[in-house]
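Taking it in order: structure first as structure tokens, then the write-up.
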Amino acid sequence: GAVVSQHPSRVICKSGTSVKIECRSLDFQATTMFWYRQFPKQSLMLMATSNEGSKATYEQGVEKDKFLINHASLTLSTLTVTSAHPEDSSFYICSVGVEGYEQYFGPGTRLTVT
Amino acid sequence: GQQLNQSPQSMFIQEGEDVSMNCTSSSIFNTWLWYKQDPGEGPVLLIALYKAGELTSNGRLTAQFGITRKDSFLNISASIPSDVGIYFCAGRNYGGATNKLIFGTGTLLAVQP
């Protein structure tokens with residue numbers, strides 16, 4: 001399966017600041033990546049589908065101006081949480097969709113907004 | 001967003017016991033997947049199912065794609081302490097791996113040595 005990395009693994013930021021999370025596919029070229037968020041003791045909720053070279057497709061209820069997604073290359077997608085607030089604190093996980101295989105997940109990024 | 005219903009919500013068992021959990025949906029899926037998530041980590045793929053009625057094994061794990069295409073089952077035989085974690089089912093309505101998944105509510109498994 002695909003090897004996926006995320007950076008940073010943990011980040012603490014102050015309310016009102018922006019945070020960028022990187023997702024890298026280390027051994028596959030990924031035209032499609034996915035961003036999820038997971039609150040404690042809850043399931044994964046898809047936020048958006050990141051498409052290389054085009055705009056991301058956001059799920060209903062996810063603010064595209066708040067969660068900026070850039071998929072500038074076949075191995076890198078970034079999620080920027082803009083003007084973060086405490087309610088944005090969560091576990092953010094990316095995945096890589098590889099045709100002929102399946103979705104493989106990164107190790108996640110724990111965001112805490114103080 | 002849409003979620004799949006998993007049961008049981010949690011299980012507390014003794015080492016060596018067998019475990020069964022299931023996942024149900026109100027709509028049809030063409031793919032069922034089972035993932036395991038350890039605390040503070042991303043989910044890891046265990047088993048993928050692509051045909052109604054399909055039964056697939058991965059070591060001590062066995063999963064089945066329900067004949068109605070609206071459910072799936074995961075069994076773990078002879079559980080061991082490292083089986084501890086949260087198990088998620090995931091379904092896909094159409095297409096392949098570049099199309100989105102819908103995740104289940106999760107089953108927390110605790111194994112007592």
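Chain naming here is simple, since letters A, B, ... match the order of the sequence lines and numbering starts at 1 in each.
Contacts of I86(B) with chain A are absent, with no heavy-atom separation under 4.5 Å from either backbone or side chain. Interface residue L101(B): backbone and side-chain heavy atoms are both found under 4.5 Å from chain A. With a threshold of 4.5 angstrom between heavy atoms, Q38(A) approaches chain B through side-chain atoms but not through N, CA, C or O. Looking at Q6(B), neither its backbone nor its side chain comes within 4.5 Å of chain A, counting heavy atoms on both sides.
Top candidate by heavy-atom pairs under 4.5 Å with chain B, chosen from T32(A), L46(A), I93(A), is T32(A). For the set P43(B), A48(B), G96(B), the count of heavy-atom pairs under 4.5 angstrom toward chain A peaks at P43(B). In terms of heavy-atom pairs under 4.5 Å with chain B, the best-connected choice from G61(A), A30(A), S43(A), C94(A) is S43(A). Most heavy-atom pairs under 4.5 Å with chain B: of the set V62(A), L44(A), T31(A), this distinction falls to L44(A).
Applying the salt bridge (Lys or Arg N to Asp or Glu O under 4.0 Å) definition to pairs two or more places apart or across chains, none involves residues 102-113 of chain B.
Here E22(A) pairs with R24(A) in a salt bridge; the nearest charged N to carboxylate O distance falls below 4.0 Å. Salt-bridge check for D83(B) with K36(B): failed, with every basic side-chain N at 4.0 Å or more from each acidic carboxylate O.
The aromatic rings of F103(B) and F88(B) stand perpendicular to each other, their planes meeting at an angle above 60°, with 30° marking the opposite boundary.
Of residues 104-113 of chain B, those residues with a non-hydrogen atom less than 4.5 Å from any non-hydrogen atom of chain A are, in numerical order, G104(B), T105(B). Chain B is approached within less than 4.5 Å, heavy atom to heavy atom, by G97(A), V98(A), E99(A), Y101(A), E102(A), Q103(A), Y104(A), F105(A), G106(A), P107(A) from residues 97-114 of chain A, ordered by number.
Side chain of S90(A) to main chain of Y92(A): no donor-acceptor pair is present (N/O by atom type, distance under 3.5 Å, no hydrogens or angles). The main-chain N or O of G59(B) is never found under 3.5 Å from a side-chain atom of S57(B) such that the two would form a donor-acceptor pair. Within the 3.5 Å criterion, the main-chain N or O of S25(B) finds no donor-acceptor partner in the side chain of K70(B).
Counted by atom type alone, S50(A) and W35(A) present zero donor-acceptor pairs between their side chains at under 3.5 Å. In this structure, a donor-acceptor pair under 3.5 Å is absent between the side chains of Q29(A) and E52(A). Counting only N and O atoms by type, the side chains of T75(A) and S25(A) include no donor and acceptor under 3.5 Å apart.
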Would you list the atom pairs, donor with acceptor, under 3.5 Å between side chains in residues 16-24 of chain B and any protein atom, with sequence neighbours excluded?
residue: E17(B); atom: OE2; partner: Q14(B); partner atom: N; Å: 3.4
residue: D18(B); atom: OD1; partner: A78(B); partner atom: N; Å: 2.8
residue: S20(B); atom: OG; partner: N75(B); partner atom: OD1; Å: 2.6
residue: N22(B); atom: OD1; partner: S7(B); partner atom: OG; Å: 2.6

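With values rounded to the nearest 0.5 angstrom, I69(A) atom CD1 is found 9.5 Å from N51(A) atom CG. Interatomic distance, SG of C13(A) versus NZ of K20(A), reported as 14.5 Å (0.5 Å rounding).
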